[in-house]
Amino acid sequence: MTEPVFAADPARLLIAAAAGILLLLLLIIKFKIHPVLSLLIAALVIGLGAGMPVPTLVSTVENGAGETLQGIILLIGLGSLFGGILEVSGGAQCVAQTLVSKFGEKKAGIALGITGLVVGTTVFFEAGVVILIPLAFGLAKKTKKSTLYYVIPLLAGLATGFAFIPPSAGSVLVANMLNVDLGVMIAVGVPVGILSLIFAGILWSKFIGKKINTGLPSNIQEVREEEEANLPKFSTVLCIILVPLVLILCNTVSEYIPGIDAARPVMEFLGTPFVALIIAVLLAMYFLGKKQGYNGDQLKKILDRSLKPTGQILLVITGGGIIRWVLQDCGMGNIIGPALEKSGLPLVLVAFLIAALIRASVGAAVVAMTMAAGIMAAMPGGADLSPVYLAAMVCAINGGATAFSHVNDSGFWLVSSLLEIDEKTTLKSWTMMETIVGVTGLVCAVVISLFA
């Protein structure tokens with residue numbers, strides 16, 4: 001555990017932390033101030049309220065920004081580049097259409113869920129929704145079923161991919177903060193993601209799709225056949241998506257395979273997450289770009305456009321990380337840790353509850369992930385936990401940060417507007433789906449932790 005830089009009075013720190021979080025809520029929810037600015041203001045209020053000297057607070061803010069971005073900035077940037085090519089080339093659409101044709105219309109929801117799960121590991125949730133949701137609408141139009149029957153599996157797949165399976169930004173962010181090897185995280189996150197998809201996507205969609213019959217949005221456009229003919233091959237897209245996952249896994253597994261000392265440095269290099277993503281981006285540029293008829297200038301414009309949303313995302317992550325470091329440097333871990341240990345609750349349950357409370361209060365999943373991971377990383381005894389237990393804790397944190405999405409979450413309004421459904425229906429469908437994802441992640445984390 002990182003030792004506190006400034007030993008704050010416990011009562012004063014708790015009051016300052018509560019006041020800072022309350023202020024954060026007011027700034028974001030009531031006064032509609034941008035989350036980045038709100039997070040920074042809240043961090044300063046917490047530090048000053050706890051009695052941290054100004055030079056120490058300034059140093060903590062600056063160091064916290066650097067520490068938070070270290071290890072994830074390249075992954076998020078490269079993931080955005082990869083997602084941009086996947087979107088423009090039609091690669092994501094190709095994967096969805098191929099799976100639907102293989103599964104048939106009756107099981108199209110499963111195909112869309114699997115597509116969302118795969119794509120969710122490589123693109124941001126919002127981008128995945130925009131890319132793939134027209135396919136769900138097309139199926140609903142063809143079968144005359146509720147749009148929820150097809151949209152919910154897709155959204156569940158995207159949410160679980162982002163939360164649990166590297167190299168997604170959510171799973172990488174928390175795994176990096178808890179020092180979890182990404183190979184171990186993939187091994188733990190894949191089965192957790194699959195189970196979450198089954199419960200939250202496939203089973204829940206069948207129930208809610210029959211209970212609530214939502215119609216098609218008014219602005220649905222038909223997919224033209226000539227556009228489908230220009231899509232890349234399914235096998236090509238799938239192989240490129242799997243490249244970073246396989247390389248990272250090979251790097252992890254190589255440590256346990258005897259007799260490959262000569263090859264291990266090469267596997268270690270290629271399996272470094274940012275190197276694996278560089279390779280994936282280059283492959284995508286060639287096979288989904290050049291081979292699809294895009295020239296160098298067009299590819300550059302695609303990549304430039306794909307990086308535009310990353311600045312805001314990185315700044316929000318940084319803001320949440322700064323609050324984490326202010327709390328940690330004031331000794332919050334030393335206050336919460338003993339209290340939680342005395343409570344007798346499993347650490348994975350504590351991690352889930354902290355993330356869920358922040359998620360329900362602030363709305364931003366990334367902020368909940370960052371702050372909960374920071375608190376858990378600062379707790380005593382964390383270094384003694386096994387890699388598998390820490391990976392389970394990542395699932396618990398990201399499960400809590402996914403659950404309980406409501407009106408203070410931008411994802412809530414994104415889904416509501418795209419489906420053209422009211423807030424009550426969105427709560428019944430989207431919010432319940434997100435909560436099922438989170439609770440499933442918690443249950444899996446508890447079970448895994450028992451054997452870790």
Side-chain angles (χ1 to χ4, degrees), residues 1-25 27 35-73 172-180 314-343 347 350-351 353-355 357-358 361-362 364 366-385 390 393-394 397 401:
M1 184 191 72
T2 304
E3 289 298 321
V5 174
F6 165 73
D9 175 74
R12 184 173 178 178
L13 176 56
L14 290 173
I15 294 172
I21 298 299
L22 179 61
L23 176 63
L24 178 62
L25 295 177
L27 291 175
V36 173
L37 187 58
S38 300
L39 286 163
L40 290 174
I41 293 171
L44 294 175
V45 168
I46 292 172
L48 293 173
M52 180 179 275
V54 171
T56 305
L57 176 59
V58 171
S59 177
T60 294
V61 169
E62 293 174 346
N63 293 336
E67 291 288 343
T68 301
L69 291 178
Q70 183 180 354
I72 66 165
I73 186 170
V172 169
L173 168 67
V174 179
N176 184 68
M177 293 178 69
L178 295 180
N179 295 318
V180 179
L314 287 170
L315 283 171
V316 171
I317 291 173
T318 303
I322 288 171
I323 290 182
R324 163 254 169 119
W325 280 97
V326 170
L327 291 171
Q328 181 169 304
D329 284 358
C330 285
M332 178 63 83
N334 290 338
I335 297 172
I336 293 179
L340 293 176
E341 287 179 341
K342 291 178 182 177
S343 72
L347 288 179
V350 172
L353 292 174
I354 292 172
L357 287 171
I358 297 171
S361 301
V362 178
V366 173
V367 173
M369 291 176 182
T370 307
M371 293 180 65
I375 291 172
M376 297 310 295
M379 287 186 60
D384 299 328
L385 298 174
L390 288 172
M393 189 179 292
V394 173
I397 290 172

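These figures come from a predicted structure and were not determined experimentally.
Atom CG of Leu315 sits about 8.0 Å away from atom CG of Leu69, to the nearest 0.5 Å. For the atom pair Ile323 CD1 and Thr68 OG1, the distance stands at 10.5 Å (nearest 0.5 Å). Taken to the nearest 0.5 Å, the CE atom of Met376 stands 8.0 Å off from the CG atom of Leu178.
In terms of the side chain to side chain contact (heavy atoms under 4.5 Å, CB included) criterion, residue partners of Leu173 (sequence neighbours excluded) are, by chain and number, Ile72, Met177, Ile317, Val366, Met369, Thr370. For Ala17, the side chain to side chain contact (heavy atoms under 4.5 Å, CB included) partners at least two apart in sequence or on another chain are Leu327, Met332. Legend: residues meeting side chain to side chain contact (heavy atoms under 4.5 Å, CB included) with Ile15, ordered by chain and number and at least two apart, are absent.
The shortest non-hydrogen separation linking Cys330 to Ala50 is SG-CB, 4.0 Å. In this structure, Ile397 and Ala372 approach most closely via the heavy-atom pair CG2-CB, 3.9 Å. Across every non-hydrogen atom of Ala373 and Val174, the tightest pair is CB-CG1, 3.9 Å. Across all non-hydrogen atoms, the minimal contact from Ala368 to Ile358 is CA-CG2, 3.6 Å.
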Donor-acceptor contacts under 3.5 Å from residues 54-64 side chains, at least two apart:
{"residue": "Ser59", "atom": "OG", "partner": "Asn63", "partner atom": "ND2", "Å": "3.2"}
{"residue": "Thr60", "atom": "OG1", "partner": "Thr56", "partner atom": "O", "Å": "2.9"}
{"residue": "Thr60", "atom": "OG1", "partner": "Asp329", "partner atom": "OD2", "Å": "3.0"}
{"residue": "Asn63", "atom": "ND2", "partner": "Ser59", "partner atom": "O", "Å": "3.2"}

Let me check something: any side-chain donor-acceptor pairs from residues 37-45 under 3.5 Å, sequence neighbours excluded? List them with distances.
{"residue": "Ser38", "atom": "OG", "partner": "Ile33", "partner atom": "O", "Å": "3.2"}
{"residue": "Ser38", "atom": "OG", "partner": "His34", "partner atom": "O", "Å": "3.0"}

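Of the possible polar contacts, one joining the Asn176 side chain to the Gln70 backbone as a donor-acceptor pair under 3.5 Å is found.
Evaluation of the side chain to side chain donor-acceptor pair (under 3.5 Å) test over residues 9-25, restricted to residues two or more places apart or in two chains, returns none.
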